[in-house]
Amino acid sequence: MSEVETKKCPVIANHIKVALVGQPNVGKSMLINSVSNAHLHVGNFSGVTVDKTEVLFDYKGYHFTVVDLPGTYAFTDYTIEERVTHSYLCAESYDLIINVVDSTNLEKNLQLTSELMSMSKDIVIALNMDDEAKKEGIFIDASYMSELLGIPCIKVSAATKSGIDNLIEAIVTQYEAPKQESKLIFSEAVEEEIAQIVSYLEKHKYKAKNSYRHVAINLLKNNKKTYEKIHDDPIWTELQPILIEASKHIELHHDSDDIKEAFAEEYASFNRGIIAEVLKQEVVEEKKTLTEKIDSVLIHPLFGIPIFLFFMWSLFQLTFELGAIPMDYIDAFFGWFGDTIGAVISNDDMRSLVVDGIIGGVGAVVLFVPNIIILFIGIALLESTGYMSRVAFLLDGFFHKFGLHGQSFIPLVTGFGCSIPAYMSARILKNDRDRLLTLFIIGFMSCGARLPVYVLFSGAFFSPEMAGNILFAIYISGAMLGLIAAKILKLTAFKGADEPFVMEMPKYRLPSAKLIWHTVLTKTMMYLKKAGTFIAAAAMLVWFLSNYPHNIELQNEYNTKIEKAVSESDKITLENSLNSKLLEQSYLGRIGKFSEPIFAPLGLDWKMSVALQAGLAAKEVVVSTLGVLYSLGSDVDEQNSSLSTIISKNIPFASAVAFIVVIMIYLPCLAASVVFTREAGGIKYFFYLLAFTSVTAYSLAFIAYNVTKMISG
Amino acid sequence: MKTLIECKKGCKAKVLKLNAPKELKQRLISFGVMKEATVEVLEHAPRKSTIEVKVGKMRIALRAEEAELIEVEEI
Ligand SMILES: Nc1nc2c(ncn2[C@@H]2O[C@H](COP(=O)(O)OP(=O)(O)OP(=O)(O)O)[C@@H](O)[C@H]2O)c(=O)[nH]1
Ligand SMILES: [Mg+2]
């Protein structure tokens with residue numbers, strides 16, 4: 001019995017739950033990645049992490065649960081993500097806080113530290129970016145700093161993984177050691193007021209969990225919780241006037257009418273004192289840092305935007321040109337694979353299911369992996385170099401005209417990868433109106449899953465030299481439509497004053513190849529996994545719906561005709577017409593025929609309208625459905641040609657344009673719609689989105705179809 | 001009385017007062033834009049709609065409307 005207990009006990013005792021807190025972009029997520037094998041999203045701008053994530057790992061006999069929280073500049077509820085952090089710290093249970101700070105900008109980072117120090121929790125400070133600090137000639141005396149603050153300060157670098165062992169040891173020691181009173185010292189004026197309140201509390205033997213000094217500071221800072229607690233105590237009536245008087249004195253001392261501002265100034269001067277003691281700048285700072293030199297080109301008032309457009313254009317050129325190289329191999333591989341497998345399966349139905357349904361459908365999606373990878377690399381570079389915030393800066397003036405906030409750029413760009421994280425990252429917008437507006441137009445930024453459709457169609461109708469430009473044009477016009485939609489929404493649904501725009505511009509960082517590799521790999525694996533599971537299932541469903549019910553009569557009727565046919569060409573014509581008749585009377589064909597009248601004004605045949613409807617589940621399904629439908633119903637002599645050739649032969653150009661327009665605008669996939677509804681805060685917003693996107697998609701596709709038809713004659 | 005938006009590119013100034021509403025003021029303070037702090041104007045976007053300033057070691061972007069709320073004295 002006792003043996004079991006002793007065995008069990010250490011396991012529980014060894015469990016440490018740590019909350020990771022720090023200002024944005026100091027490397028919290030990267031620090032977790034470097035101690036565990038997690039692959040949390042890392043990027044060089046504020047607001048990468050917008051939700052809390054728990055990571056579990058073992059280290060030297062201890063079980064750790066680390067909670068990655070969104071970065072926060074101060075203890076405010078300015079944006080939703082900051083609210084996540086604030087409420088986590090106040091309401092959840094955890095053993096210890098790791099306060100991650102950027103060693104190259106201590107002064108700003110310590111502002112938050114000071115606020116954490118008034119929380120009466122165990123803290124360990126991780127002085128991150130030690131490698132950068134060294135390069136910039138900044139030396140911090142960590143042990144002296146620990147002594148001055150009464151908090152262990154450990155130099156680490158998440159990038160080079162140095163100091164990680166020390167950090168964990170410090171956490172364990174701090175966890176096991178008794179709690180220490182923080183050593184935060186205020187100016188004389190404030191200390192006097194604190195002393196007065198403390199002596200009052202002592203006199204009345206007020207019962208508190210924390211020290212009187214702690215209670216006094218929180219009362220002066222207007223801390224809600226402390227207030228609520230003491231409010232019900234009989235001493236309140238006497239204490240209140242004392243507090244009011246004290247606050248007045250402090251505000252007077254700081255020449256401000258805002259107690260928060262006064263305390264911020266107190267913290268700042270305390271921190272300046274600490275920094276003067278512990279920090280040595282060995283190399284004199286250059287007049288212009290590298291970042292400022294790069295900025296003078298990249299955010300140049302005249303050239304900034306053209307440079308950005310050039311980058312985008314190059315990205316889409318690369319996506320098409322480079323992506324096309326491995327495509328032929330992939331295509332050939334799936335062709336060979338289908339033939340090989342098909343030869344083994346004797347049952348006709350089974351063979352068709354495996355070869356046309358699964359291999360055809362999944363193959364059509366996997367074919368575009370190279371393009372997707374290039375797009376993901378582009379986005380990863382934008383995110384990790386620090387260029388993202390610059391573009392937000394450049395475009396703010398332009399965005400502002402359309403009623404958008406400059407920071408909307410960040411979720412919008414994320415939307416080019418996938419709409420789901422984009423909806424989440426709209427949380428960085430402070431104002432609910434701005435956030436909703438952004439949520440509504442994220443869909444206009446074509447996500448990675450739509451790229452295959454664009455590549456397929458631009459490849460089918462344009463020469464390889466032009467196709468890259470077409471791709472760029474599709475994306476840009478999608479974004480433009482988004483801006484116009486934003487303007488319309490701003491003037492009608494989301495009227496209101498503009499929110500302030502203040503944003504940190506991080507320094508430029510050269511991302512490591514490993515970081516890019518991991519970011520791109522994670523996203524690509526997700527795409528492949530989806531192709532292997534969801535898309536394969538959808539392809540099977542489409543195959544089933546397009547093959548059943550069997551119409552034996554029709555088949556027999558044609559078979560006798562074919563047998564009677566004399567010439568070879570007659571036979572082929574008959575077979576082709578049998579195939580398309582069979583497809584038309586299948587379940588899918590019936591659905592398609594049923595909805596055809598709705599899509600007919602857009603010039604879309606029933607196959608295309610079925611593909612569009614299937615795309616509501618996921619945009620990848622559009623291509624796989626087209627793959628299945630056109631390979632089943634296509635002419636026999638086309639069996640071996642690529643989907644792109646089949647499309648260029650069977651679809652009129654004007655219809656293709658209308659099809660692309662619908663793809664650009666209509667509802668995002670099912671998963672994204674769910675996230676949208678959650679982030680927007682209600683099912684009614686989903687119906688607004690549905691109505692808004694459907695009406696826009698339909699009318700613009702109608703216009704596009706007719707205009708193209710007129711022009712091309 | 002001068003505000004930050006009136007400062008030319010490359011000029012350095014000392015912050016005298018923040019006339020911003022409460023929330024924005026707190027945000028500015030947490031960025032280090034508080035009384036006595038030195039700010040430097042680094043870059044203007046076209047038509048001065050947005051500016052980039054340096055406070056301490058940090059660069060921040062502000063819209064003209066926000067910069068107008070920051071009273072400064074050139075140094
Ligand atoms: N040189 C260097 N760069 C680092 C280090 N730690 C993080 N970075 C970089 O700093 C940037 C921010 O890293 P993140 O881990 O995303 O920061 P975060 O604190 O999680 O940011 P938010 O989620 O926005 O609050 C990335 O570009 C990292 O590559 C480090 O120790 N050294
Ligand atoms: Mg993070």
Side-chain angles (χ1 to χ4, degrees), chain A residues 23 72-79 102 104-108 111-112 115 136 138 254-256 258 260-261 263-265 267-269 285 288-289 291-292 295-296 299-302 304-305 389-390 392-398 400-401 405-407 430 498-507, chain B residues 1 3-5 7-12 14-73:
Chain A
Q23 294 201 333
T72 175
Y73 286 107
F75 260 19
T76 50
D77 293 343
Y78 197 74
T79 58
D102 176 353
T104 63
N105 197 348
L106 264 192
E107 193 170 341
K108 183 191 73 145
Q111 280 300 100
L112 179 68
E115 288 199 73
E136 291 173 27
I138 296 168
H254 281 274
D255 182 27
S256 157
D258 184 350
K260 285 230 164 107
E261 184 180 10
F263 266 92
E265 283 174 13
Y267 291 147
S269 62
E285 256 185 293
K288 248 185 161 189
T289 60
T291 294
E292 281 155 30
D295 262 354
S296 62
I299 60 171
H300 189 276
L302 275 182
I305 290 180
S389 309
R390 270 68 192 188
F393 172 83
L394 283 174
L395 294 182
D396 179 60
F398 187 63
H400 200 180
K401 287 205 183 70
H405 195 270
Q407 256 171 310
K430 173 189 180 304
D498 293 328
E499 272 302 311
F501 173 74
V502 276
M503 180 187 66
E504 179 175 0
M505 307 266 261
K507 69 177 82 153
Chain B
M1 192 188 71
T3 68
L4 189 56
I5 194 66
C7 293
K8 289 201 177 63
K9 184 173 155 178
C11 106
K12 281 190 183 171
K14 194 171 85 177
V15 178
L16 296 178
K17 198 164 179 235
L18 302 174
N19 292 319
K22 215 169 178 176
E23 274 188 327
L24 176 61
K25 189 158 152 187
Q26 274 172 29
R27 168 100 330 178
L28 287 171
I29 288 173
S30 60
F31 279 171
V33 184
M34 54 174 93
K35 265 180 279 171
E36 302 293 314
T38 308
V39 293
E40 183 186 345
V41 178
L42 291 181
E43 198 67 65
H44 286 299
R47 273 164 280 123
K48 263 194 178 184
S49 61
T50 325
I51 61 170
E52 187 195 21
V53 298
K54 188 172 179 175
V55 199
K57 288 187 170 175
M58 184 179 167
R59 287 156 305 276
I60 57 176
L62 291 173
R63 240 183 230 156
E65 287 89 332
E66 278 78 62
E68 257 175 3
L69 304 174
I70 304 171
E71 256 174 60
V72 295
E73 171 188 73

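The shown structure was predicted, so the numbers you read here are calculated from the model rather than taken from an experiment. Computed from heavy atoms alone, side chains included, the values below leave out hydrogens, waters and symmetry copies. Numbered from 1 within each chain, the chains take letters A, B, ... in sequence-line order.
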Sort out for me which of [options] touches chain B most, counting heavy-atom pairs under 4.5 Å.
options	value
A/Glu261, A/Gln23, A/Lys260, A/His254	A/Glu261
A/His400, A/Glu499, A/Lys108	A/His400
A/Pro500, A/Ser256, A/Ser389	A/Pro500

Side chain from CB out, backbone as N, CA, C, O: work out which of these in [X] comes under 4.5 Å of a heavy atom of chain B, or both, or neither.
X	value
A/Leu394	neither
A/Gln111	side chain
A/Ala268	side chain
A/Glu107	neither

Nearest 0.5 Å, what's the [atom1]-[atom2] distance between [X] and [Y]?
X	Y	atom1	atom2	answer
B/Met58	B/Phe31	CE	CZ	4.5 Å
B/Thr38	B/Glu73	OG1	CD	10.5 Å
A/Glu115	B/Ser30	CD	OG	8.5 Å
B/Leu16	B/Thr3	CG	OG1	11.0 Å

Practice problem: Would you sort out whether A/Val502 and B/Ile60 count as a side chain to side chain contact (heavy atoms under 4.5 Å, CB included), showing the intermediate values? | Solution: CA-CA 7 Å; A/Val502 276; B/Ile60 57 176; 5.5 Å; no
Given a strict heavy-atom distance threshold of 4.5 Å, which part of [X] is in contact with chain A: side chain, backbone, both, or neither?
X	answer
B/Ile51	backbone
B/Arg63	both
B/Leu42	side chain
B/Glu23	both
B/Met34	side chain
B/Glu52	both

Looking at chain A, which one of [options] has the largest number of heavy-atom pairs inside 4.5 Å, strictly under?
options	result
B/Ser49, B/Ala61, B/Ala67	B/Ala61
B/Glu65, B/Glu43, B/Lys35	B/Lys35
B/Gln26, B/Lys17, B/His44, B/Glu36	B/Gln26

Self-check item: Close side-chain approach of B/Leu28 to B/Leu62, heavy-atom, < 4.5 Å
Solution: yes
Quiz item: Are side-chain heavy atoms of A/Gln407 and A/Lys430 found at a separation under 4.5 Å?
Solution: no
Exercise. Check A/Asn105, A/Thr291, A/Asp295, A/Thr104 against A/Lys507 for a side chain to side chain donor-acceptor pair (under 3.5 Å) and give me the one that passes.
Key: A/Thr104
Quiz item: Is A/Glu136 salt-bridged to B/Lys57, going by a charged N under 4.0 Å from an acidic O?
Solution: no
Quiz item: Is a side-chain donor-acceptor pair under 3.5 Å present for B/Asn19 with B/Glu71?
Solution: yes
